[in-house]
*Asks:* 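Sharing a structure, written as structure tokens. Questions coming.
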Amino acid sequence: MCGRYRLSRRKQIIEEHFETADWQEDWSPRYNIAPTQSVPTIRQHPKEPVRELSLMRWGLIPSWAKDTSGAARMINARSETAHALPAFREAMKLRRCLVPADGFYEWQRRGSAKQPFCFEVGDGGLFAFAGLWDRWKDPSGQWVKSCSILTTIPNSLTSAIHDRMPVILQPDSYDLWLDPGMTNTQVITELLKPYNARLMRCCPVSSRVNHVENDDVECSRPVEVSKTQDSLFA
DNA sequence: CCAGACGTTGTT
DNA sequence: GTCTGG
DNA sequence: CCAGACGTTGTT
DNA sequence: GTCTGG
């Protein structure tokens with residue numbers, strides 16, 4: 001799954017990489033993005049051929065939710081079932097987005113031991129998670145946009161650490177994934193595959209990343225693991 | 001008909 | 001909102 | 001995802 | 001253990 005990630009590139013770099021329209025919001029590099037926080041997402045404008053960046057709360061709040069209490073459990077949606085579930089079904093058909101990132105964290109557990117790893121694509125550059133979004137009217141009448149990151153079975157790199165991984169889209173499938181006119185969920189679901197392990201890398205990182213208040217480059221800096229911890233790789 | 005649920009992951 | 005259970 | 005909190009009633 | 005906050 002994916003419960004913590006990194007987006008450390010500057011706004012202009014994100015705009016250029018994903019070929020979006022200019023964005024009014026600010027974005028400061030983040031190394032430890034946590035559920036319920038505000039994150040950039042990319043959507044296709046429904047009428048004009050333009051991709052737009054938009055801040056959303058991470059943890060999808062369905063339009064019919066009474067409150068936000070369940071949102072933290074909706075940070076991920078299983079790609080195998082999302083098309084059929086009440087909370088995600090309509091979003092899968094009509095409200096897909098990209099969630100830009102340049103790293104994500106997974107924790108490997110062995111009994112009580114817990115070791116975080118940082119995963120990257122290529123040399124640590126930008127990539128996009130497949131995302132779903134919805135909007136919910138809060139008690140004051142304000143619309144709150146929120147999003148979820150799809151998950152799938154792990155590839156050979158991530159399976160050593162965890163039994164799920166986030167869906168990372170190939171750049172050549174961005175257009176189809178984002179196309180609001182594509183409502184054939186069967187076609188859409190074809191895109192939700194484990195990313196090529198040979199194009200990814202990972203390494204153990206400091207448990208600093210465990211604490212959400214730590215949000216700096218140290219969170220994804222590789223660390224040595226001790227001999228005893230080394231068995232975590234086994 | 002109304003009432004109530006609607007989710008993921010991990011752990012075992 | 002939609003779907004299920006009673 | 002992890003970290004951290006987690007509580008009622010009655011009596012004085 | 002479960003639930004909330006970030």
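Proteins get letters first, then strands, A, B, ... in listed order; numbering begins at 1 in each. If you're wondering where the values come from, they're calculated on a predicted model, not measured in any experiment.
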*Asks:* Give each protein N/O atom lying under 3.5 Å from an N/O atom of nucleotides 1-5 of chain D, with the pair distance.
*Replies:*
| residue | atom | partner | partner atom | Å |
| --- | --- | --- | --- | --- |
| D:dC1 | O2 | A:Arg4 | NE | 2.9 |
| D:dC1 | O2 | A:Arg4 | NH2 | 3.0 |
| D:dC2 | OP1 | A:Arg109 | NH1 | 3.4 |
| D:dC2 | OP2 | A:Arg109 | NH1 | 3.3 |
| D:dC2 | O4' | A:Arg4 | NH2 | 3.0 |
| D:dA3 | OP1 | A:Asn210 | ND2 | 3.2 |
| D:dA3 | OP2 | A:Lys114 | NZ | 3.2 |

*Asks:* With sequence neighbours left out, what residues match A:Asp175 under salt bridge (charged side-chain N to carboxylate O under 4.0 Å, His left out)?
*Replies:*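 Result, salt bridge (charged side-chain N to carboxylate O under 4.0 Å, His left out) vs A:Asp175: A:Arg51.
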*Asks:* In dot-bracket, 5' to 3', how would DNA chain D read with Watson-Crick or G-U wobble pairs under 3.5 Å, [ ] for crossing ones and | for pairs to another strand?
*Replies:* ||||||......
*Asks:* Using salt bridge (charged side-chain N to carboxylate O under 4.0 Å, His left out) as the criterion, list what pairs up with A:Arg57, not counting sequence neighbours.
*Replies:*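 By the salt bridge (charged side-chain N to carboxylate O under 4.0 Å, His left out) rule, A:Arg57 matches no residue at all.
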*Asks:* Identify, with sequence neighbours excluded, every residue that meets side-chain contact (heavy atoms from CB on, under 4.5 Å) alongside A:Thr185.
*Replies:*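 Applying side-chain contact (heavy atoms from CB on, under 4.5 Å) to A:Thr185 gives A:Met92, A:Lys93.
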*Asks:* Please enumerate all residues that pass side-chain hydrogen bond (donor to acceptor under 3.5 Å, both in side chains) together with A:Arg78, with sequence neighbours excluded.
*Replies:*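 side-chain hydrogen bond (donor to acceptor under 3.5 Å, both in side chains) check on A:Arg78 returns nothing, list empty.
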*Asks:* Tell me, please, which residues at least two apart from A:Tyr174 pass ring-ring contact (aromatic ring centres under 6.0 Å, His included).
*Replies:*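 A:Phe18.
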*Asks:* Among A:Ile149, A:Asn76, A:Leu150, whose side chain to side chain contact (heavy atoms under 4.5 Å, CB included) with A:Pro166 holds?
*Replies:*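 Of A:Ile149, A:Asn76, A:Leu150, side chain to side chain contact (heavy atoms under 4.5 Å, CB included) with A:Pro166 is met by A:Ile149 alone.
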*Asks:* In whole Å, measure the gap between the C1' atoms of B:dA3 and E:dG5 for me.
*Replies:*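 Here B:dA3 and E:dG5 have their C1' atoms 31 Å from each other.
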*Asks:* State which residues pass side-chain contact (heavy atoms from CB on, under 4.5 Å) with A:Ile33; sequence neighbours excluded, sorted by chain then number.
*Replies:*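 In terms of side-chain contact (heavy atoms from CB on, under 4.5 Å), with neighbours along the sequence ignored, A:Ile33 is linked to A:Tyr5, A:Leu7, A:Trp27, A:Arg30, A:Gln37, A:Val39, A:Trp58.
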*Asks:* Please measure how far the C1' atom in D:dG10 lies from the corresponding atom in B:dC1, and state the result in whole Å.
*Replies:*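 It comes out at 45 Å once rounded to the nearest Å.
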*Asks:* Ignoring backbone atoms, establish whether A:Arg164 has a side-chain N or O less than 4.0 Å from OP1 or OP2 of B:dT9.
*Replies:*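 Checking A:Arg164 against B:dT9: at least one side-chain N or O falls below 4.0 Å of OP1 or OP2.
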*Asks:* Do any of residues 133-145 of chain A sit with a heavy atom less than 4.0 Å from DNA chain B, and if so which?
*Replies:*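 Contacts with DNA chain B under 4.0 Å: none.
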*Asks:* Between B:dT8 atom P and A:Met92 atom CE, what is the distance in whole Å?
*Replies:*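 Interatomic distance, CE of A:Met92 to P of B:dT8: 10 Å.
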*Asks:* Please enumerate all residues that pass ring-ring contact (aromatic ring centres under 6.0 Å, His included) together with A:Tyr31, with sequence neighbours excluded.
*Replies:*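 Testing A:Tyr31 for ring-ring contact (aromatic ring centres under 6.0 Å, His included), a comparison that skips the adjacent residues, returns none.
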*Asks:* Using atom C1' in both nucleotides, what's the gap between B:dT8 and E:dT2 to the nearest angstrom?
*Replies:*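 Approximately 15 Å lies between the C1' atom of B:dT8 and that of E:dT2.
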*Asks:* So what does A:Thr151 touch, heavy atoms closer than 4.0 Å: a base, only the sugar-phosphate, or nothing?
*Replies:*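 Answer is sugar-phosphate: A:Thr151 comes under 4.0 Å of backbone atoms only.
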*Asks:* With sequence neighbours left out, write down each residue that passes salt bridge (charged side-chain N to carboxylate O under 4.0 Å, His left out) with A:Asp216, or none if nothing qualifies.
*Replies:*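 Once residues adjacent in sequence are excluded, the partners of A:Asp216 under the salt bridge (charged side-chain N to carboxylate O under 4.0 Å, His left out) criterion are A:Arg208.
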*Asks:* Hey, where on DNA chain C does chain A first and last touch, going 5' to 3'? Cut-off is any atom under 4.0 Å from a heavy atom.
*Replies:*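 First and last nucleotides in contact are C:dG1 to C:dC3.
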